[in-house]
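One structure is given below, encoded as structure tokens.
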Protein chains: 2
Amino acid sequence: MTRTALKKQRHEYLLKKIKQNPFLLDEELAKACNVSVSTIRFDRAELGIAEYRERVKSAAQEGRMSTSPTSGEVLDINLFHDGISVLKTDDSMVFEGTDIVKGQYIYAFAENLALNVIDAKAALVKIANVKYVHEAHAGDRLIAKSEVMREKDNGFIVRVVIKANMNEVFRGKFSLIAADGKYSEEYNENNS
Amino acid sequence: MTRTALKKQRHEYLLKKIKQNPFLLDEELAKACNVSVSTIRFDRAELGIAEYRERVKSAAQEGRMSTSPTSGEVLDINLFHDGISVLKTDDSMVFEGTDIVKGQYIYAFAENLALNVIDAKAALVKIANVKYVHEAHAGDRLIAKSEVMREKDNGFIVRVVIKANMNEVFRGKFSLIAADGKYSEEYNENNS
DNA sequence: AATGATTTAGTACCTGATACTAATATTAAT
DNA sequence: ATTAATATTAGTATCAGGTACTAAATCATT
């Protein structure tokens with residue numbers, strides 16, 4: 001194989017590998033690619049990939065940004081009645097090698113809204129029946145609507161429907177029960 | 001105020017400030033506390049606070065942990081038959097102010113095993129019926145067992161049961177269908 | 001005044017880089 | 001086959017943000 005082709009291959013490898021794991025030193029990359037550290041530095045410069053420390057730093061900042069990773073943003077809530085939230089999907093949520101969003105992210109999004117509409121801190125999921133109607137793809141903007149169907153025993157039945165581009169993607173029914181009002185008080189910041 | 005008291009105050013400040021924002025250099029901390037950088041270094045040593053780079057690094061790693069799904073560790077897999085995996089829960093998975101693990105983490109754990117037993121890269125969840133039998137608590141070691149119940153149409157029905165301390169915590173039935181698998185090739189090391 | 005705790009200063013060294021230069025393959029084009 | 005362009009390696013000086021250590025200066029207390 002020509003060096004030019006090897007370089008291209010290496011570049012693809014670097015882009016992919018570093019994206020999925022920013023904690024890779026030039027030295028390690030060099031070893032993995034069987035080239036010198038200098039080559040890796042040239043490659044990074046060509047590809048516009050920042051140095052290790054910057055990568056780690058921005059990874060930390062991103063992590064810092066997303067308080068709860070898959071909860072989405074609540075747009076509207078009528079407590080004990082209904083709620084709407086949105087979630088922008090991205091390729092951190094997909095099956096490796098595809099752009100199909102994993103069910104667990106959609107589930108978490110739905111469960112979260114179901115809990116929020118009941119008053120998150122006071123409810124637990126007991127049973128969930130969920131259906132993934134259509135695949136969701138990375139980049140899709142998911143819109144979840146939840147409705148409290150009825151009260152049952154000491155709990156609630158909440159339905160959540162999620163759509164992407166007007167198409168139904170997910171449909172779930174959550175049976176929630178109130179958790180006993182044993183709340184541990186907020187963090188005490190009073191010190192002298 | 002005595003120097004000793006000032007020091008104590010500074011120590012409290014450092015612990016709190018660095019906890020809420022790890023991106024603070026010794027130089028910045030020194031300026032904020034109106035002492036020299038040396039003093040800050042002494043303080044950090046006394047308090048066991050790691051240096052800037054280590055703080056940023058572990059922040060990034062934590063962020064990475066929470067964004068990547070909680071899949072647990074697979075202990076045994078008989079493809080298309082059954083599998084076992086474990087997950088150590090922690091307080092990043094709980095409802096705020098409690099030690100009760102959120103359903104979505106348990107769900108993700110279960111879904112993952114269900115997918116793994118079928119060959120993760122080639123299957124999608126279509127329907128899931130899940131029941132949270134008992135609360136799981138932070139620190140619990142969850143053990144999930146999955147069994148393929150039967151093939152159905154072009155898919156599978158997989159049951160997953162999760163226990164903590166011998167007690168059933170979760171029970172779920174997943175209906176999975178095969179998806180066309182697309183492999184991403186590893187970096188080619190054949191060259192010389 | 002002497003003792004011990006606290007704070008500051010300074011040195012050598014470390015890692016994982018950047019920025020740059022120079023030399024050496026290897027390939028493609030003429 | 002020779003040349004020009006491309007790819008790779010090596011080496012130097014420099015940087016940031018430290019560690020680890022030593023020594024001196026500055027209180028506060030007895």
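Just the heavy atoms: all of them, side chains too, but no hydrogens, waters or symmetry mates, feed the values below. Letters A, B, ... are given to chains in the order of the sequence lines, protein chains preceding strands, and every chain is numbered from 1.
Remark: A:K102 is positioned above the aromatic ring of A:F95, its terminal NZ or CZ atom under 6.0 angstrom from the ring centre and at most 45 degrees off the axis.
Considering only the side chain of A:T39, D:dT8 comes nearest among D:dT8, C:dT6, D:dA7. Of the candidate nucleotides C:dA17, C:dT8, D:dT8, C:dA17 has the atom lying nearest to any side-chain atom of A:D26. Relative to the side chain of B:L25, the nucleotides D:dA7, D:dG17, D:dA10 differ in distance, and D:dG17 lies closest.
The CG atom of A:L47 sits 12 Å away from the P atom of D:dA7 (whole-angstrom rounding). Atom CZ in A:F23 sits roughly 17 Å away from atom C1' in C:dA17 (whole-Å rounding). Here the P atom of nucleotide C:dA25 and the CZ atom of A:F42 are 16 Å apart, to the nearest Å. Atom pair A:E54:CD and C:dA17:P shows a separation of 11 Å (rounding to whole Å applied). The CD atom of A:E28 sits 14 Å away from the C1' atom of C:dA17 (whole-angstrom rounding). Summarising the geometry, the separation between CD1 on A:I40 and P on D:dT8 is reported as 10 Å, rounded to the nearest angstrom. A:K57 places its NZ atom 17 Å from the P atom of C:dG16, with the value rounded to the nearest Å. One interatomic measurement links the two molecules: CG of B:N34 to P of C:dT6, which rounds to 19 Å at whole-angstrom precision.
Close to C:dC14, at under 4.0 Å from its OP1 or OP2, lies no side-chain N or O of B:R53. Look at A:R44 and you'll find a side-chain N or O under 4.0 angstrom from OP1 or OP2 of C:dT18. Between D:dT9 and A:S36, a contact under 4.0 Å exists linking OP1 or OP2 to a side-chain N or O. Contact annotation: B:R55 does not reach the phosphate of D:dG18 (side-chain N/O to OP1 or OP2, under 4.0 Å). At the phosphate of C:dT7, neither OP1 nor OP2 sits under 4.0 Å from any side-chain N or O atom of B:S38. Look at B:T2 and you won't find any side-chain N or O under 4.0 angstrom from OP1 or OP2 of D:dA28.
The aromatic rings of A:Y107 and B:Y107 lie parallel to each other, with less than 30° between the two planes, well short of the 60° mark.
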message: Determine whether B:V35 and B:I40 satisfy the following criterion, side-chain contact (heavy atoms from CB on, under 4.5 Å), listing intermediate values before the conclusion.
response: CA-CA 7 Å; B:V35 295; B:I40 296 296; 3.9 Å; yes
task: Evaluate the side-chain contact (heavy atoms from CB on, under 4.5 Å) criterion for residues B:R41 and B:R44: first the C-alpha distance (whole Å), next the side-chain angles of each, then the deciding distance (0.1 Å), finally the verdict.
output: CA-CA 5 Å; B:R41 312 255 230 240; B:R44 276 202 299 99; 4.0 Å; yes
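Between B:T4 and B:R41, the residue anchored nearer the 5' end of DNA chain D, judged by the nucleotide with its closest heavy atom, is B:R41. Taking the nucleotide of DNA chain D with the nearest heavy atom to each of A:K7 and B:L24, the more 5' of the two is matched to A:K7.
At the heavy-atom level, B:R10 lies under 4.0 Å from the strands shown only through sugar-phosphate atoms. Looking at heavy-atom distances under 4.0 Å, B:V35 makes contact with sugar-phosphate atoms alone, never a base.
Remark: the B:H134 side chain and the B:N167 side chain contain no N/O donor-acceptor pair separated by less than 3.5 Å.
Salt bridge absent: B:K7 and B:D43 never bring a charged side-chain N and a carboxylate O closer than 4.0 Å.
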